[in-house]
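Only this structure's heavy atoms are used, side chains among them; waters, hydrogens and symmetry mates stay out.
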Amino acid sequence: MAAAVAPEVLQEVLHESTAEAMEFTQRANATAIGRGTFAHLESALAALDRSYNIDPPAAVFSTARAYRLWVAELIDGPRTLKEARELYVCAAWFSETLAWLAHDLGDPLGAEAWAIDAFEHAEQAGHDELCAWATDAMASIAIYNNRPARALAAAQRGIAKAAARHPLAVRLRAQAARAHARLGDRDAVKEMFRQAGEVYERLPARAPLRFDTSTGHLATFAMTSYPASAYIWLGDAECGDFAQARTYAQAAIDAQLALPAASRSPSREAIARIDLAIALTKLGEPEQAAALGQQALGTSRLVDSVRSRAGDLEHVLTVHYPDLPVVRDLQEAYRQNRPTR
């Protein structure tokens, strides 16, 4: 081509191409992301994580949603490819938080939508750990929405993403066990808890952080509270399910009480108390069960999952001990606090 073009024309083309290259370079670095933007977003995510178990879910939801909308605007505006990936990661974290908050507020459809959004943005960013966090939320949301097959699929998807020595690898296997319990597959429940236990034993002494918080206690909770719920859902007195559920639920309560105040989860503790109460009801101790139910309903964080499990306890006590005064008191307390969705 060069031989067929006059020298002066070729020179002009080369000069133009140089200018084009410079313009392309400028475009590659064109951005509307101000200095400190990512530091601000990371600070906001850490603050939301700290306030999750303390502040009312509706207030935290509003704050998280405002930040998520801002991140969406930043993604749509001028930004570099590197910044786009970081924004996708931030978007996924905010959406994962919104998924849990919508779940707490009794909106399973919205919760699942936010969890899916978190997974998709995390996967686009190539962030496997964040994908696993999103599937953990998906699994819990599906469990409480009585969709165990969907919960199992989410847990299995997360297992493929979670690092082998991360607490999420324990938690997701325990999530799968809970889903199998809802499906009535006892052998699969035992196998998944066996796998979760093996992974738990191999976890490093120093657990990775989720923002400013250690994730180690999440694995401990999964190895105590999740088996308690699973054995209740299997529900065979002859197989000793309720005795095992009692042991695991008490261990979950003890583990929560042993944590520093900033790391404790009032809602997780309440659910463990309800699991213990259901097990005790089945084992013939309704008075203690009703007292535990009252304690759970008096939690400082009465979210939808606590209300849902309290409904299970109220039903079991009503079926077996309908005339006990303590049961009638619990019925009234539940009536005042039952889920509104």
Side-chain angles (χ1 to χ4, degrees), residues 38 41-42 45-46 48-50 52-53 82 84-100 103 111-112 114-143 150-180 188-227 230 252 255-256 259 263 265 268:
F38 288 109
L41 290 172
E42 289 168 9
L45 285 164
L48 287 169
D49 196 61
R50 288 192 299 270
Y52 179 82
N53 288 317
K82 182 180 178 182
R85 182 191 178 279
E86 293 184 66
L87 288 170
Y88 268 56
V89 170
C90 291
W93 277 122
F94 282 118
S95 290
E96 188 258 1
T97 301
L98 287 164
W100 282 110
H103 172 60
E112 184 176 31
W114 283 117
I116 291 170
D117 183 70
F119 184 92
E120 292 301 323
H121 278 80
E123 189 168 52
Q124 288 288 329
H127 199 308
D128 283 351
E129 180 189 332
L130 188 41
C131 286
W133 283 114
T135 60
D136 180 51
M138 289 180 197
S140 281
I141 292 161
I143 283 285
R150 194 169 184 84
L152 179 59
Q156 290 171 336
R157 197 177 187 186
I159 289 168
K161 293 286 189 180
R165 301 192 70 196
H166 194 286
L168 274 170
V170 177
R171 189 172 169 92
L172 287 162
R173 284 167 173 80
Q175 290 277 31
R178 287 205 302 175
H180 282 302
V189 170
K190 291 182 177 179
E191 172 59 19
M192 292 312 302
F193 278 133
R194 183 194 67 77
Q195 291 184 25
E198 288 185 353
V199 177
Y200 185 71
E201 292 300 320
R202 294 196 300 268
L203 290 179
R206 190 177 183 87
L209 296 178
R210 177 188 160 104
F211 305 114
D212 300 331
T213 308
S214 172
T215 56
H217 65 277
L218 295 175
T220 301
F221 184 77
M223 290 303 298
T224 52
S225 181
Y226 286 8
Q256 280 293 308
L259 290 172
S263 299
S265 168
R268 293 192 192 109

Handout entry: Side-chain heavy-atom pair Leu218, Arg268 within 4.5 angstrom cut-off
Key = yes
Exercise for the section: Find out whether Phe221 and Tyr226 are in side-chain contact, i.e. whether some heavy atom of one side chain is under 4.5 Å from a heavy atom of the other. Expected result: yes
Exercise for the section: Apply side-chain contact (heavy atoms from CB on, under 4.5 Å) to Arg194 and list each qualifying residue two or more places apart in sequence or on a separate chain. Expected result: Glu191, Glu198
Exercise for the section: Please examine the side chains of Glu120 and Ser95, heavy atoms only from C-beta on, and report whether any two atoms are closer than 4.5 Å. Expected result: no
Practice task
Mark yes or no for whether Glu123, through its side chain, and Cys131, through its backbone, hold a donor-acceptor pair below 3.5 Å.
Solution key: no
Practice task
Give the minimum heavy-atom separation between Ala162 and Ala169, together with the two atoms involved.
Solution key: CB-N, 4.1 Å
Practice task
Write down the atom of Pro167, the atom of Leu203, and the distance for their closest heavy-atom approach.
Solution key: N-CD2, 3.8 Å
Exercise for the section: Measure the shortest side-chain to side-chain distance between Thr135 and Leu168 over non-hydrogen atoms and say whether it is less than 4.5 angstrom. Expected result: no
Problem - Value rounded to 0.5 Å, distance of CG in Leu152 from CZ in Arg150 - result: 12.5 Å
Problem - Reported CG-to-OG1 distance for the pair Asn53 and Thr213, which is rounded to 0.5 angstrom - result: 9.0 Å
Fill in the blank from the handout: All heavy atoms of Phe193 vs all of Ala222, minimum pair found to be CE2-O, 4.4 Å
Problem - Partners passing side-chain contact (heavy atoms from CB on, under 4.5 Å) against Leu130 (at least two apart in sequence or in another chain) - result: Val89, Ala92, Trp93, Ala122, His127, Trp133
Problem - Atom pair SG (Cys90) and CZ (Arg85), whose distance is rounded to the nearest 0.5 Å - result: 10.5 Å
Exercise for the section: For residues Thr215 and Glu129, determine if any side-chain heavy atom of one lies less than 4.5 Å from a side-chain heavy atom of the other. Expected result: no
Practice task
Output, in order, the C-alpha distance, side-chain angles, deciding distance and verdict of side-chain contact (heavy atoms from CB on, under 4.5 Å) for Gln195 and Ile159.
Solution key: CA-CA 11 Å; Gln195 291 184 25; Ile159 289 168; 6.0 Å; no
Exercise for the section: Please answer whether the main-chain N or O of Ala230 pairs with a side-chain N or O of Arg178 as donor and acceptor at a distance below 3.5 Å. Expected result: no
Handout entry: Leu48 vs Phe211 side-chain heavy atoms within contact, under 4.5 Å
Key = no
Exercise for the section: Indicate whether the side chain of Ser140 and that of Gln175 have a donor and an acceptor atom separated by less than 3.5 Å. Expected result: yes
Exercise for the section: Give every residue pair that meets the salt bridge (Lys or Arg N to Asp or Glu O under 4.0 Å) criterion with at least one member in residues 208-227, sequence neighbours excluded. Expected result: Asp49-Arg210, Arg50-Asp212, Glu96-Arg210
Exercise for the section: Determine yes or no for a side-chain-to-main-chain donor-acceptor pair under 3.5 angstrom, with His103 supplying the side chain and Ala99 the backbone. Expected result: no
Exercise for the section: Could you tell me whether the side chain of Trp100 reaches within less than 4.5 Å of the side chain of Ile141, counting heavy atoms only? Expected result: no
